[in-house]
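Here the structure is a predicted model, which means the values were calculated and not measured. Quick note: residue numbers are just sequence positions, from 1.
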Amino acid sequence: MNKIFNTTFESSLRILLLLSVSEDEQMTLDRIADYDFITIYSKYFGISNMALHGENEFGLSEFAARRGMMQSTMKSLVLDGLVSVKRRQNGFQYSISVVGKTVAGKMKSEYANNYKMLALKTVEHFKGQSEQKIMKTISNTSIEFLRRKRY
């Protein structure tokens, strides 16, 4: 059965939207994965009053699976010419290409508009923070969410 949710294709569309609003940010694979996750579940991180993928008790436990898929997603985006990669002193940095900007600009759905708005808020909220600090925020938020659901 063909599935479109939680696939490399779905995450590649989100990554293009994320990179289209974060051009000034130094985007490593980890930062992209972190920002994408926080954007989807921005309600739980105090960034908005909505969770793009709805309310569910297992949403915040998806992080490891989503993060694992990110490497193949970025590989596809780079091979397709939608994302550029440069080797820097602190690792690989990703940015949206001209072709990627064109593709992202054609995404006009309500979901795409909401994702871009929330991604921009996420980038602004975490700008300047280390990846370790952002990861700690994700971990702490997920643990707290699971504790509240358990009791």
Side-chain angles (χ1 to χ4, degrees), residues 3-48 50-97 99-101 103-105 107 109 111-147 149:
K3 64 177 197 166
I4 59 169
F5 299 108
N6 295 322
T7 63
T8 300
F9 177 72
E10 179 197 13
S11 60
S12 68
L13 296 176
R14 287 195 319 270
I15 298 318
L16 288 175
L17 294 170
L18 172 62
L19 291 175
S20 75
V21 300
S22 63
E23 291 187 68
D24 295 335
E25 188 83 359
Q26 300 233 340
M27 299 296 277
T28 62
L29 187 65
D30 287 339
R31 189 171 293 269
I32 291 167
D34 294 348
Y35 282 1
D36 179 53
F37 186 78
I38 293 168
T39 297
I40 291 168
Y41 295 106
S42 57
K43 176 179 180 175
Y44 304 107
F45 294 92
I47 293 173
S48 78
M50 74 163 69
L52 274 176
H53 291 188
E55 310 258 342
N56 75 71
E57 71 182 270
F58 301 109
L60 291 178
S61 63
E62 295 176 354
F63 184 67
R66 287 182 179 277
R67 189 179 195 95
M69 189 187 329
M70 193 57 61
Q71 192 162 12
S72 60
T73 299
M74 292 306 294
K75 181 179 178 181
S76 295
L77 288 168
V78 170
L79 289 174
D80 291 340
L82 300 168
V83 170
S84 301
V85 61
K86 291 185 178 164
R87 187 178 185 118
R88 305 278 186 198
Q89 189 173 5
N90 60 343
F92 293 105
Q93 302 284 314
Y94 298 89
S95 59
I96 193 165
S97 70
V99 176
K101 286 180 191 178
V103 171
M107 291 187 248
S109 69
Y111 179 89
N113 292 334
N114 284 335
Y115 185 93
K116 285 194 320 189
M117 182 251 320
L118 294 172
L120 186 58
K121 286 183 175 186
T122 298
V123 170
E124 290 172 354
H125 184 82
F126 289 97
K127 193 173 201 121
Q129 290 188 26
S130 70
E131 289 173 5
Q132 293 81 9
K133 186 170 182 181
I134 296 169
M135 187 66 208
K136 187 167 179 73
T137 299
I138 291 171
S139 179
N140 290 342
T141 301
S142 298
I143 289 167
E144 184 58 34
F145 177 80
L146 290 172
R147 279 188 185 138
K149 287 294 180 189

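- Contact detail for V83 and M74: the closest heavy-atom pair is CG1-CE, 3.8 Å.
- Closest of all the heavy-atom pairs between S22 and M27 is OG-CE, 3.7 Å.
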> What's the verdict on side chain to side chain contact (heavy atoms under 4.5 Å, CB included) for Q93 and T28, showing C-alpha distance, side-chain angles and the deciding distance?
Replying inline: CA-CA 5 Å; Q93 302 284 314; T28 62; 3.3 Å; yes
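- Interatomic distance, F37 CZ to R14 CZ, rounded to the nearest 0.5 Å: 10.5 Å.
- From E131, atom CD reaches atom CD1 of I32 across 9.5 Å, with rounding to the nearest 0.5 Å.
- With values rounded to the nearest 0.5 angstrom, K121 atom NZ is found 16.0 Å from Y35 atom OH.
- The environment of K86 atom NZ is sparse: at most 12 non-hydrogen atoms of other residues, nucleotides or ligands sit within 6.0 angstrom.
- Put simply, CG on N140 and NZ on K133 are 11.5 Å apart, with the number rounded to the nearest 0.5 Å.
- Between L18 and A119, the shortest heavy-atom contact is CD1-CB, 3.9 Å.
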> Given M70 and I15, is the side chain to side chain contact (heavy atoms under 4.5 Å, CB included) satisfied, shown in steps?
Replying inline: CA-CA 9 Å; M70 193 57 61; I15 298 318; 3.8 Å; yes
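- If you take CG on L77 and CG on L13, they are separated by 8.5 Å, rounding to the nearest 0.5 Å.
- Taking each heavy atom of I96 and L16 in turn, the nearest pair found is CD1-O, 3.5 Å.
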> After noting the C-alpha distance and the side-chain angles of I40 and Y115, does the key distance pass the side chain to side chain contact (heavy atoms under 4.5 Å, CB included) rule?
Replying inline: CA-CA 7 Å; I40 291 168; Y115 185 93; 4.3 Å; yes
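- Residues S76 and T8 share a closest heavy-atom pair of OG-CG2, 4.1 Å.
- The shortest distance between side-chain heavy atoms of F92 and L29 does not fall below 4.5 Å.
- In this structure, OG in S42 is found 11.0 Å from NE2 in H125, a value given to the nearest 0.5 Å.
- With a 4.5 Å cut-off on side-chain heavy atoms, F126 and I47 count as touching.
- A donor atom on one side chain and an acceptor atom on the other are found under 3.5 Å apart for T73 and S11.
- Residue E23 places its CD atom among more than 12 non-hydrogen atoms of other residues, nucleotides or ligands, all under 6.0 Å distant.
- Not one N or O on the side chain of S139 forms a donor-acceptor pair closer than 3.5 Å with the backbone of K136.
- Considering T122, D30, D34 in turn, D34 is the only one that fulfils the side-chain contact (heavy atoms from CB on, under 4.5 Å) rule with I134.
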